[in-house]
Asker: 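Can you read through this structure? Questions will come right after.
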There are 2 protein chains.
Amino acid sequence: MPKPDVDPTVTLDLSVDRSSPVPLYFQLSQQLEAAIEHGALTPGSLLGNEIELAGRLGLSRPTVRQAIQSLVDKGLLVRRRGVGTQVVHSQVKRPLELSSLYDDLEAAGQRPATKVLVNTVVPAGAEIAAALSVPEGSEVHHVERLRLTHGEPMACLCNYLPLGLLDLDTGHLESTGLYRLMRGAGITLHSARQAIGARAATAAEAERLGEETGAPLLTMARTTYDDTGRAVEYGTHTYRPARYSFEFQLLVRS
Amino acid sequence: MPKPDVDPTVTLDLSVDRSSPVPLYFQLSQQLEAAIEHGALTPGSLLGNEIELAGRLGLSRPTVRQAIQSLVDKGLLVRRRGVGTQVVHSQVKRPLELSSLYDDLEAAGQRPATKVLVNTVVPAGAEIAAALSVPEGSEVHHVERLRLTHGEPMACLCNYLPLGLLDLDTGHLESTGLYRLMRGAGITLHSARQAIGARAATAAEAERLGEETGAPLLTMARTTYDDTGRAVEYGTHTYRPARYSFEFQLLVRS
DNA sequence: TAGTGGTCTAGACCACCCT
DNA sequence: GGGTGGTCTAGACCACTAG
């Protein structure tokens, strides 16, 4: 026996549709990812070599490489020169992404609700002006929301946005998240700078969140940028730590 | 005038060394990144098209694309079909990476110090056994360290590691970080799962960190995996929120 | 030594964006 | 319509790993 293990991809009936507008490399990476997801490709198994896989699918090697590389970038596969490409053992579940609290909660089946406390326009103070790169004193949107799950307060979300990007309808704000509103308005989110910390609740914060004054709160301050580099949102959020924590997976930069 | 702006890369004297073992695409991406870093390529400026750049450098287009793509992945460039490749306006400084607290502090010039409180071997409890994927009750390393900056406590780091991976010398632990020790032992870190939260300090924690009982603490629990999928470390850390917060930049998954 | 991934080339056609 | 990036091909040589 020259090989103790058989290439597990041969039993997978991978195939690509050349008439589809979906890129070939993407079709392949999706099929491989699905196979890993539902266990057809088990952790640790060695994929067959790229050349042979390319030949079997009628693709060129660079195309197959592009498909595999995208899964390596997601942390699902590991390449070893001289060895081969292997399915990673550990479960990679949630890579850290720029998602909204609302979407996270909804995806977790938590049925989030939002109560808009403030929705107005104010002159930007120094901190806000600096974060949004607007002149100090110029007008910006100010939105303050209470996020609830199961009818109980979970977080208080205080946000500032430049004027003119978005029309901030209170009804919309109560039925969805801010990021979804921005994406719907044609804003392409690009990056965000975040700081996560903790501190004691003030009396006003405790009142709003149903905690005691001085109770520990989890805090997050964030500035979000679109793909032109404009700051499109600055927010300071406070979370009840018994009801919320930040959970995510990191990949090592190679 | 057909073009209001001139391709800013022409004045950059980009060049590649074909005798170098460094990949050509990497040489190019480094030069472009350096040019962005020190302002030779200003935010918003449009790079010349890939074909022309390839011709000028004597490279093929895929090689140039690979260089550019790596900077797009880092968030430094944005590509627009039909338009061109642009330098992002906002400053991308610290992408979130799996770095050690020790290295972070050292890079920030904080001169970190470590005091090893516990360095022993214990049977794994249920939580630790689950995190490290070892049988409950099997022996694991247990290390507890106090991290100080400027002579003041900043965090308490409680870690568990499987036996046999590393020799945990107290002297080494006090002079560097755990991740650097692991990398030095030939372990290839691959990913980590983290949860960041907050809670009130217990009396013992308050004593160690120089806080009051019930004071807010920032907490982090993390399991780190190597590239074979083995869990190589599980840790629960507590931070003094006045002295530490998690700061990082996120890129939107495309 | 044989096999793997890592890199590179010189073309090609298409989809999209702006004018 | 002209220019851009997005995708794809069919080869090639090299570096590293294992047996």
Side-chain angles (χ1 to χ4, degrees), chain A residues 1-9 16-30 32 45-73 77-87 186 188 227-228 254, chain B residues 1-9 16-30 32 45-73 77-87 186 188 227-228 254:
Chain A
M1 267 194 274
K3 286 231 168 194
D5 297 292
V6 186
D7 175 359
T9 62
V16 291
D17 174 9
R18 303 197 84 99
S19 69
S20 162
V22 178
L24 301 178
Y25 79 90
F26 193 75
Q27 293 184 37
L28 176 55
S29 73
Q30 279 188 317
L32 290 175
S45 57
L46 233 57
L47 269 59
N49 75 59
E50 300 171 347
I51 312 250
E52 188 253 355
L53 184 54
R56 192 141 46 81
L57 291 170
L59 297 174
S60 70
R61 187 187 167 202
T63 302
V64 171
R65 272 187 68 80
Q66 193 175 0
I68 292 177
Q69 187 60 47
S70 73
L71 298 182
V72 172
D73 292 340
L77 298 177
V78 181
R79 287 203 228 243
R80 295 168 194 275
R81 195 196 306 226
V83 179
T85 303
Q86 229 177 348
V87 180
T188 305
D227 59 355
T228 72
S254 53
Chain B
M1 264 192 274
K3 287 231 166 193
D5 297 292
V6 186
D7 174 359
T9 61
V16 293
D17 174 10
R18 303 195 84 101
S19 69
S20 162
V22 178
L24 301 179
Y25 79 90
F26 193 75
Q27 292 184 37
L28 177 54
S29 72
Q30 277 188 318
L32 290 175
S45 59
L46 232 55
L47 270 59
N49 73 60
E50 299 170 347
I51 312 250
E52 188 254 353
L53 186 54
R56 191 143 44 83
L57 291 169
L59 298 173
S60 69
R61 186 184 168 205
T63 301
V64 171
R65 273 186 68 78
Q66 192 176 0
I68 292 177
Q69 187 60 47
S70 73
L71 298 182
V72 171
D73 292 340
L77 297 177
V78 181
R79 295 175 127 129
R80 297 169 194 274
R81 196 194 309 226
V83 179
T85 303
Q86 226 175 350
V87 180
T188 305
D227 60 354
T228 72
S254 53

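Any value given below was found using the heavy atoms of this structure, including those in side chains, with hydrogens, waters and symmetry copies removed. Letters A, B, ... mirror the listed sequences (proteins, then strands); counts begin at 1.
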Asker: Minimum heavy-atom separation for B:Ser70 to B:Ser29, with atom names?
Answerer: OG-CB, 3.4 Å

Asker: Closer than 4.0 Å, any side-chain N/O of B:Thr85 to the OP1 or OP2 of D:dG5?
Answerer: yes

Asker: Of all the choices, C:dA10, C:dC18, C:dC8, which nucleotide is nearest to the side chain of B:Val83 once you look at every atom?
Answerer: C:dC18

Asker: Heavy atoms only, 4.0 Å cut-off, all strands: where does A:Pro21 land among base, sugar-phosphate and nothing?
Answerer: nothing

Asker: Would you indicate which nucleotide in C:dG6, D:dC8, C:dA15 comes nearest to any side-chain atom of A:Arg79?
Answerer: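 From the listed options, C:dG6 comes nearest.
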
Asker: Within the 4.5 Å heavy-atom criterion, are B:Ile68 and B:Arg65 side-chain neighbours or not?
Answerer: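 No. Closest side-chain heavy atoms not under 4.5 Å.
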
Asker: Looking across every strand, which nucleic acid part, if any, lies under 4.0 Å from B:Gly58 by heavy atom: base, sugar-phosphate, or nothing?
Answerer: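 If one applies the 4.0 Å heavy-atom cut-off, B:Gly58 turns out to touch the sugar-phosphate alone, with no base involved.
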
Asker: Is any side-chain heavy atom of B:Leu46 closer than 4.5 Å to one of B:Thr85?
Answerer: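 When only atoms from C-beta onward are counted, B:Leu46 and B:Thr85 do not touch, as no gap falls below 4.5 Å.
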
Asker: So A:Ile51, base contact, sugar-phosphate only, or nothing? Heavy-atom distance under 4.0 Å.
Answerer: nothing

Asker: Specify the separation, in whole Å, of atom CG of B:Leu47 and atom P of D:dG5.
Answerer: 9 Å

Asker: Just compare C:dG6, D:dA18, C:dC8 and give me whichever is closest to any side-chain atom of B:Tyr25.
Answerer: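 Taking heavy atoms from C-beta onward, the closest nucleotide is C:dC8.
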
Asker: Please report the shortest heavy-atom distance between A:Val16 and A:Gln27, naming the atom on each side.
Answerer: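 For A:Val16 versus A:Gln27, the nearest heavy atoms are CA-OE1, 3.4 Å.
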
Asker: So, OP1 or OP2 of D:dG3: does either fall under 4.0 Å of a side-chain N or O from B:Asn49?
Answerer: no

Asker: Find which nucleotide of DNA chain D each of A:Gly82 and A:Leu24 is nearest to by heavy atoms, and output the residue with the more 5' nucleotide.
Answerer: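 Closer to the 5' end of DNA chain D: A:Leu24.
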
Asker: Which nucleotide wins on minimum distance to the side chain of A:Glu50, given the candidates C:dG5, C:dC8, D:dG5?
Answerer: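 For A:Glu50, the side-chain atoms sit closest to C:dG5.
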
Asker: Go nucleotide by nucleotide along DNA chain D from the 5' end; which of A:Val64 and B:Arg81 gets its closest nucleotide reached first?
Answerer: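 The answer here is B:Arg81.
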
Asker: Hey, does the side chain of B:Thr63 come within less than 4.0 Å of C:dT7's phosphate (OP1/OP2), counting only N and O?
Answerer: no

Asker: Would you kindly give the CZ-to-P distance between A:Arg65 and D:dA12, to the nearest whole Å?
Answerer: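 Interatomic distance, CZ of A:Arg65 to P of D:dA12: 17 Å.
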
Asker: Round to the nearest Å and state the distance from B:Leu28 atom CG to C:dT9 atom C1'.
Answerer: 16 Å

Asker: From the list D:dC8, C:dG6, D:dG5, which nucleotide is the closest neighbour of the side chain of B:Pro62?
Answerer: D:dC8

Asker: When rounded to the nearest 0.5 angstrom, what is the spacing between CG in B:Leu71 and CG in B:Leu28?
Answerer: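 Atom-to-atom, B:Leu71:CG and B:Leu28:CG are 8.0 Å apart.
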
Asker: With a 3.5 Å limit on both atom pairs, tell me what D:dG19 is paired to, counting Watson-Crick and G-U wobble, or say none.
Answerer: none

Asker: Going by modelled atom types, is there a donor-acceptor pair between the base of C:dG6 and the side chain of A:Arg61 at under 3.5 Å?
Answerer: yes

Asker: Expressed as a whole number of angstroms, how long is the span from A:Phe26:CZ to D:dG6:C1'?
Answerer: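 Checked: the CZ to C1' distance equals 14 Å.
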
Asker: Rounded to whole Å, how long is the line connecting atom CD of A:Gln66 with atom P of D:dA10?
Answerer: 16 Å

Asker: Select one nucleotide: of D:dT9, D:dT7, C:dC8, the one nearest the side-chain heavy atoms of A:Pro23.
Answerer: D:dT7

Asker: Would you kindly give the CD-to-C1' distance between B:Glu52 and D:dG5, to the nearest whole Å?
Answerer: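 Taking CD of B:Glu52 and C1' of D:dG5, I get 15 Å after rounding.
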
Asker: Once you round it to whole Å, what is the distance between P of D:dG5 and CD1 of B:Ile68?
Answerer: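 So the two atoms are 7 Å apart, to the nearest Å.
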
Asker: Return the CD to CD distance between B:Gln69 and A:Gln69, rounded to the nearest 0.5 Å.
Answerer: 10.5 Å

Asker: Please state how far atom CG in B:Leu59 lies from atom P in C:dG11, giving the value in whole angstrom units.
Answerer: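 Whole-Å distance recorded here is 15 Å.
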
